[in-house]
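Right, I'll just put the structure down here and ask away after.
Quick note on labels: first sequence line is chain A, next is B, and so on, each numbered from 1. All of these numbers come straight from a predicted model, not from anything done at the bench. Excluded from the calculations below are hydrogen atoms, water molecules and symmetry mates; all remaining heavy atoms, backbone and side chain alike, are included.
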2 protein chains.
Amino acid sequence: MNVTIKDVARIAGVSYSTVSKALNNSPLVTQKTKQKVLAVASQLGYQPNLNAKSLVSRSSHVIGVIWPTVEEQAFSSLITIVNEELKQHAYSMVLSINSLDDAVTIFNQYRLAGILAFCEREWSSSVDLLPSSAPLLYYGNASRLGHHTINVDRKQAIFDAVSYLHGIGHNRIAYIGDLSRTPEEAQLDKYRGYMNAVIHYGLQTHPGMAISVNDFSWDEGYSAAKKLLASDYDPTAVICASYELTSGVIRAIKESGYRIPENISVVSYDNIPQQEQLEPAITAVGAPVYLTAQWIVETILDLISDSDTSPVPQKHIVIPSVLTIRASSSAP
Amino acid sequence: MNVTIKDVARIAGVSYSTVSKALNNSPLVTQKTKQKVLAVASQLGYQPNLNAKSLVSRSSHVIGVIWPTVEEQAFSSLITIVNEELKQHAYSMVLSINSLDDAVTIFNQYRLAGILAFCEREWSSSVDLLPSSAPLLYYGNASRLGHHTINVDRKQAIFDAVSYLHGIGHNRIAYIGDLSRTPEEAQLDKYRGYMNAVIHYGLQTHPGMAISVNDFSWDEGYSAAKKLLASDYDPTAVICASYELTSGVIRAIKESGYRIPENISVVSYDNIPQQEQLEPAITAVGAPVYLTAQWIVETILDLISDSDTSPVPQKHIVIPSVLTIRASSSAP
DNA sequence: TTGTACGCGTTATCAA
DNA sequence: TTGATAACGCGTACAA
């Protein structure tokens, strides 16, 4: 326990600076001594002290991710993939589920290489004051803040969904999502995309064409779909604002004796592989999660290497939506 | 950026050891200089370097939590509460979603104060080899390993559910859970509790009294309940192995025209507050999540303070189940 | 009450 | 090619 390079040096019979070189693949050491040092190190169970390491190098190869809404599943697959991607680039990832402020504080104190903030809803007002030594990249709807941001284009995504459905002949296209008086920015974007498209294509309108949900559980999707089918709107297609909603919606549609897509087409927001597993496989729009993860990782790593050169230009990246057509949609 | 105590000392016109004392509430400094130092520190935006701090103190006030199955929501409320509890004790929490080995490795390298492993299913075989300098506490089914463990009593929980239902007059009590040939240990425990109780109380048995699910989604619960109701078992009560399953089960029961609890009682595993929000509020068994979180925090903090004194006795804590009666159950 | 000096484990710069 | 030595930022005896 707590064996240091000095211990390794003593056993291996070399100086500890030589050990350091051997451990770091320095060319300033012979293969032979290197082998010996490595052998002793692993035999002693040597584990480098990252505190010392990042104290001297003033940084580490660790990215801190802030994820205050751990109970929302929406980000979990994205975060999983980001983690894998970072590992490929020899970075580690560490999560905090504290508030933005608390998390930034502790990450800063550890002098992490970079910080990634996944916060779709709440933005601490004091965050602008926090002097972050590490590059801070926000994922979500934060273009207004004076920080680097990366976003998915939700408005375009839903617009594309309507375009696609209209293109194959649908005219009564319903929407199930968050229409509350004060929806989060992200949800408002989706609704805007829907309304814009409805107007743009001159679709039939109806008071009951857009159904609001209280949260994004399957249960709410189920209830909303029941309500939709009970109205006299008689939609030929429905667009759902999330994967979970969709899973409830298709259950409700099936139970009401309708078939997908023969009687009604379903298109879901959230371009994640899991859509493939639903029955039937669901046509989806939104930024593909793999692509999003890759962009996030690439951007944060760029910011880290850029951070030497000042001034750093502000980055605001928007990931386009992709339409993935599956079995749940067809011409009416 | 990167202002150190030396900078603070220079501006405040004192030596940097005085600054250190002032920052750490040492009694060896006058209130006046302390105030001055604190003022200068905050004005300069001083942020302590935790790397240096834990390098010199050989530890930090940070607990690392290993959570490889981030996509399973089961732990999320527990982890949220653990986080809050730790904050109360002036500890920070940091998560890793890597494999057990990878996570332990990096946490060790950062010399964190303690490690908490939330891994219900997979146990890396090599984990025993990892020399962890920090106390490692496992949550899950790991009593076989040579490590400290903390667990909930799932077998007792389900047994209690049957006892309760039998006590108020039920004789045909169904079970919906994971009965696959090779279930995880945790799920097997639940089923054992059920079977033990069925035998113990001499309940009516039937081939279709226990329905197996493939995963713990609401969807599987829904399908299982439909199957159960279609059989000729005619249960007066049903026990579900998880919260998500239950949410699907009650939907299926309602749709089949039955009322809860008049026609059929429902008891769910997972003693979490969310059970209260279902319609009707669900009677639940299992270790209350708040209690579990408190035990976890208390145990890991104990282990940390014990770790000075060697040898440390091995701790294996089992948290008892509690029956929380709500509207979903009544005499048949 | 305040300041000085040393060490924590590591990397990097020199001399040897 | 190796080894001694000075940082990195901080806590803490010990001296003033």
Query raised in the report: Which is it for Tyr290(A) and Ile81(A) under the side-chain contact (heavy atoms from CB on, under 4.5 Å) test, yes or no, and what are the steps along the way?
Result: CA-CA 7 Å; Tyr290(A) 269 101; Ile81(A) 301 173; 3.8 Å; yes
Report summary line: Here the pair of heavy atoms bringing Tyr46(B) nearest to Val3(B) is CD1-O, 3.2 Å
Report summary line: The bend of the helix from dT1(C)-dA16(D) to dA16(C)-dT1(D), taken between the axes of its five terminal pairs at each end and rounded to 10°, is 50°
Requested in this report: Quickly work out the Ile5(B) CD1 to dT2(C) C1' distance and round it to whole Å.
Outcome: 14 Å
Query raised in the report: Relative to each other, are the rings of Tyr139(B) and Phe118(B) parallel, tilted or perpendicular (30° and 60° limits)?
Result: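 Tyr139(B) and Phe118(B): tilted rings.
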Report task. Check DNA chain D against residues 52-63 of chain B and give the residues with a non-hydrogen atom under 4.0 Å, in numerical order. Result ->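 Here the set is Ala52(B), Lys53(B), Val56(B).
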Report task. Please report, rounded to the nearest Å, how far the C1' atom of dT2(D) is from the CD atom of Gln31(A). Result ->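 Distance, rounded to whole Å: 16 Å.
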Query - Pairwise 5' ranking along DNA chain D for Lys21(B) and Tyr46(B), keeping only the more 5' one - result: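 Closer to the 5' end of DNA chain D: Tyr46(B).
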Requested in this report: Could you tell me the separation between the CG atom of Asn49(B) and the P atom of dT10(C), rounded to a whole number of Å?
Outcome: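 After rounding, the reported distance stands at 16 Å.
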Query raised in the report: Side chains of Asn51(B) and Lys53(A): is there a donor and an acceptor less than 3.5 Å apart?
Result: no
Requested in this report: Quick one: sort the His147(A) and Tyr138(A) rings into parallel, tilted or perpendicular, breaks at 30° and 60°.
Outcome: tilted
**Report entry** Spacing between Gln47(A) atom CD and dG9(C) atom P, to the nearest angstrom
**Finding:** 14 Å
Query - Position toward the 5' end of DNA chain C (nearest nucleotide), Thr4(A) or Leu28(A) - result: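 Counting from the 5' end, the first nearest nucleotide belongs to Thr4(A).
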Query raised in the report: Expressed in angstrom and rounded to an integer, what is the separation of Leu50(B) atom CG from dC8(D) atom P?
Result: 19 Å
**Report entry** dG11(D) OP1/OP2 closer than 4.0 Å to side-chain N/O of Asn24(B)
**Finding:** yes
Report task. Return the residues of residues 10-19 of chain B meeting this criterion: a heavy atom under 4.0 Å from some atom of DNA chain C. Order them by number, or give none. Result ->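 Residues of residues 10-19 of chain B under 4.0 Å from DNA chain C: Val14(B), Ser15(B), Tyr16(B), Ser17(B), Thr18(B).
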Query raised in the report: Do we see a donor-acceptor contact under 3.5 Å between the side chains of Asp101(A) and Ser99(A)?
Result: no
Query raised in the report: Does Ser20(B) have a side-chain nitrogen or oxygen under 4.0 Å from the phosphate oxygens OP1 or OP2 of dC10(D)?
Result: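 No, outside the criterion.
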Report summary line: Atom NZ of Lys6(A) and atom P of dG3(D) are separated, to the nearest Å, by 15 Å
Query raised in the report: Is a side-chain donor-acceptor pair under 3.5 Å present for Glu84(B) with Gln88(B)?
Result: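 Glu84(B) and Gln88(B) do not have a side-chain donor-acceptor pair below 3.5 Å.
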Query raised in the report: Strictly by modelled atom types, are Gln35(B) and Gln31(B) linked by a side-chain donor-acceptor pair under 3.5 Å?
Result: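 Judged by distance alone, the side chains do pair up.
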Query - Evaluation steps, side chain to side chain donor-acceptor pair (under 3.5 Å), between Ser77(B) and Thr80(B) - result: CA-CA 5 Å; Ser77(B) 41; Thr80(B) 305; over 6 Å; no
Requested in this report: Please report, rounded to the nearest Å, how far the C1' atom of dT12(D) is from the CG atom of Leu23(B).
Outcome: 15 Å
Requested in this report: Would you indicate, yes or no, if dC10(D) has its OP1 or OP2 atom less than 4.0 angstrom from a side-chain nitrogen or oxygen of Asn51(B)?
Outcome: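 It does not, given that no N or O in the side chain of Asn51(B) lies less than 4.0 Å from OP1 or OP2 of dC10(D).
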Query raised in the report: Starting at the 5' end of DNA chain D and moving along, which residue's nearest nucleotide shows up first, Pro27(A) or Arg111(A)?
Result: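 Going by which nucleotide is closer to the 5' end, it is Pro27(A).
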Query raised in the report: Taking only side-chain nitrogens and oxygens of Thr33(A), does any of them come within less than 4.0 Å of OP1 or OP2 of dT1(D)?
Result: no
Query - Considering all heavy atoms, the nearest Ala41(B)-Leu23(B) contact - result: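 In this case the closest contact between Ala41(B) and Leu23(B) is CB-CD1, 4.4 Å.
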Query raised in the report: Among side-chain atoms of Thr18(A) and Ser15(A), is any donor-acceptor pair under 3.5 angstrom?
Result: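 The answer is yes; a qualifying pair exists.
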Query raised in the report: Under the side chain to side chain donor-acceptor pair (under 3.5 Å) criterion, do Asn24(B) and Ser26(B) qualify, and how do the steps go?
Result: CA-CA 5 Å; Asn24(B) 291 301; Ser26(B) 165; over 6 Å; no
